[in-house]
Amino acid sequence: MKGPPRYVTASVLCSFGGFLFGMDTGIIGPVTVMDEFVSQFGSQTATVHGLLVSSILIPAAISSLFAGYLADKLGRPKSISIGALIFGLGTALEAAAVHISMFVVGRCIEGIGEGLFLGTLVVYICEISPTRVRGVLTSGPQLLVTLGLVVGFFTCYGTASIGSSFSWRAPFLILACLAFSFSISCLIWLLPSPRWLATHGRRSEAPGAWDHLGVIHAEREDIEVEQDERNRKLRDPQAPSALSGDRTVVPKRLLRSELLDLFSHDVRSRTAIAVFLMAMLQLSGIDGVLYYAPLLFEQAGLTSAESSFLASGVSAIVIFSATIPALLFADKWSRRHSIIYGGIGTSIIMLLIGSLYAGNAVHSSSGAGRWIVILCIYIYAVIFSLTWAVSIKIYAAEIQPQRTRASATNLAHGANWVTNFFVALITPILLSKSSCGIYFLFSGSTLVAVMVCMVFMPETKGRSLDEIETAFKLESSELDRAL
């Protein structure tokens, strides 16, 4: 029986990088409250706890700034492979940690690798996928993120009862082995993107790459190279042509996708909206929920560690289950409506939770308030997974032109890491000082994002990458003036 086209299998393999990220997110919260971890490294203050969890994020933000250059220079698969290798080394160091500083160093190294490969995953899948299935396939990493969350939470749930440091080391050992396997697999089985080949003076190799991927001629989008060349000529009429043959004279600046080019007149509005949306993705509160799910459920009244761990695992299952229909309908649902309506829904839920705490309606021992909060956390996870989790990451990558897609997408992921650091750091601090403040912050931030999207966000569903290019030229002038 004939199998799926290779662009599907390549996308599935590539998406496994999301699993690594999700599993780490699912592990770190439960691990840092395990008895064996606390007995070895001591009890941490809320600030230190936040720094311990978030120490992965700033290195990820910094490395993501260079990920676009690396992906343009070496190609998407090699860049992903290198990032996964570094990620695995950092995870192995965490598993072997004998001092808290060694553990933090491991998380920083892990973050460097994560920043290098995570944004590039979406870029690669976006470039090899036909328009009709681009949303579904580009959603793959997010689905695998949620599966990783489930595996991470329940791995910790299973090892928590082990009466030694292996209870918290085992999850990191498993994650390190998976990261090394993923790195090798990408290096062996992933081909360079045909679009990357075309923009690097290897246009004669691009048709063969499309053939190998199984993309039919009618679905191949390779005319964006000529459009980028025309745009470049308009900016610099004296520049040498990049289209004068198969192994053409490609100017150095085209190979590098320099950061300054991200803010040139024809792309700066797209760079700005991608960075803004990816930053607001975290300020909506999702990783505050994921990293600190045990703390949130304890605050709501599940006082035993086993109950809060189990509730955290159930939340991961809810997120994974909700992501499946989001993936299946990614190319049928409006990107714009998904982000706007999803943002309104999550903002209302966070406002409700904050109001219940502010009104002192949540009691740990009895009353309906705590069960409403727990239910609201699950509803929030469902709405977020159906909308923002998928739509924003697809949108941030697909609106970029070829020459800046890798750099712009990774810059947007850098903004995501920075705000993720902020959320991971302040969540336990605010929870220790105010039971409601963090929820009001998430609600207000999400509402701001919704209002910006209503004004500045063109629809991209069902459009080819070249049609999106045209749409932004027609519709982004207002954002340019605002900038």
Side-chain angles (χ1 to χ4, degrees), residues 17-34 36-38 40-67 82-119 145 148-149 151-153 155-156 159 165-180 182-183 282 286-288 290-295 413-414 416-429:
F19 180 89
L20 301 179
F21 170 67
M23 187 170 178
D24 176 76
T25 303
I27 286 172
I28 189 61
V31 155
T32 52
V33 296
M34 282 186 183
E36 292 294 334
F37 186 91
V38 173
Q40 177 150 2
F41 297 128
S43 181
Q44 312 297 332
T45 65
T47 302
V48 173
H49 188 194
L51 286 170
L52 193 64
V53 172
S54 63
S55 56
I56 191 174
L57 301 172
I58 293 301
I62 295 172
S63 65
S64 69
L65 296 177
F66 303 97
I82 291 170
L85 177 63
I86 296 172
F87 179 94
L89 292 173
T91 309
L93 192 60
E94 288 176 80
V98 294
H99 190 274
I100 193 68
S101 59
M102 184 176 175
F103 186 84
V104 171
V105 169
R107 286 198 66 69
C108 290
I109 294 173
E110 185 184 3
I112 292 171
E114 200 167 75
L116 289 177
F117 77 77
L118 199 60
V145 166
L149 286 170
V151 173
F153 274 126
T155 298
C156 291
T159 62
S165 66
F166 196 69
S167 62
W168 64 265
R169 295 185 194 274
F172 289 113
L173 285 172
I174 295 170
L175 184 57
C177 292
L178 292 174
F180 293 137
F182 176 64
S183 176
Q282 290 302 332
I286 185 59
D287 273 3
L290 297 178
Y291 283 136
Y292 300 109
L295 285 178
H413 275 265
N416 183 273
W417 296 122
V418 171
T419 51
N420 197 345
F421 173 81
F422 172 75
V423 169
L425 178 62
I426 68 165
T427 297
I429 297 173

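Val104 has its side chain out of reach of Glu94: every pair of non-hydrogen atoms, C-beta onward, lies at least 4.5 Å apart. Contact of the Phe103 side chain with the Trp168 side chain is registered, since non-hydrogen atoms from C-beta on lie closer than 4.5 Å. The shortest distance between side-chain heavy atoms of Phe19 and Val151 falls below 4.5 Å. A 4.5 Å side-chain heavy-atom check between Thr159 and Phe166 finds every atom pair outside the cut-off. Proximity of Trp417 to Glu114: side-chain heavy atoms (C-beta onward) are separated by under 4.5 Å at one or more points. Residues Leu52 and Ile100 form a side-chain contact, since some pair of their non-hydrogen atoms from C-beta on lies under 4.5 Å apart. The shortest side-chain heavy-atom distance between Leu57 and Val418 does not fall under the 4.5 Å cut-off. Put simply, the side chain of Cys156 reaches to within 4.5 Å of the side chain of Val31, judged on heavy atoms.
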Candidate pair Val38 and Met34, rule side-chain contact (heavy atoms from CB on, under 4.5 Å), full reasoning
CA-CA 6 Å; Val38 173; Met34 282 186 183; over 6 Å; no
Trace of the side-chain contact (heavy atoms from CB on, under 4.5 Å) decision for Thr155 with Ile27
CA-CA 8 Å; Thr155 298; Ile27 286 172; 5.6 Å; no
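Between the CE atom in Met23 and the OG1 atom in Thr91 there is a gap of 9.5 Å [rounded to 0.5 Å]. In this structure, CD on Glu110 lies 12.0 Å from CD1 on Ile86, to the nearest 0.5 angstrom. The distance from the CZ atom of Phe37 to the OG atom of Ser165 is 11.0 Å, given to the nearest 0.5 Å. The line from CD1 of Ile112 to CG of Leu116 is 8.0 Å long, rounded to the nearest 0.5 Å. The distance from the OG atom of Ser101 to the CZ atom of Phe41 is 9.0 Å, given to the nearest 0.5 Å. With rounding to the nearest 0.5 Å, the separation of CD1 in Ile286 from CG in Asn420 is 10.5 Å.
Side-chain atoms of Ser64 do not come within 3.5 Å of backbone N or O of Gly115 as any donor-acceptor pair. For the pair Arg107 (side chain) and Ser55 (backbone), a donor-acceptor distance under 3.5 Å is absent.
Shown here for Ala92 and Ala176, the closest heavy-atom pair between the two residues is N-CB, 3.9 Å. For the residue pair Ala179 and Ala84, the shortest heavy atom distance occurs at CB-O, 3.8 Å.
Between Phe87 and the options Leu118, Asp24, Ile82, Leu178, a side-chain contact (heavy atoms from CB on, under 4.5 Å) holds for only Asp24.
Annotation for Phe180: atom CZ counts as buried by contact number, over 12 foreign heavy atoms lying within 6.0 Å.
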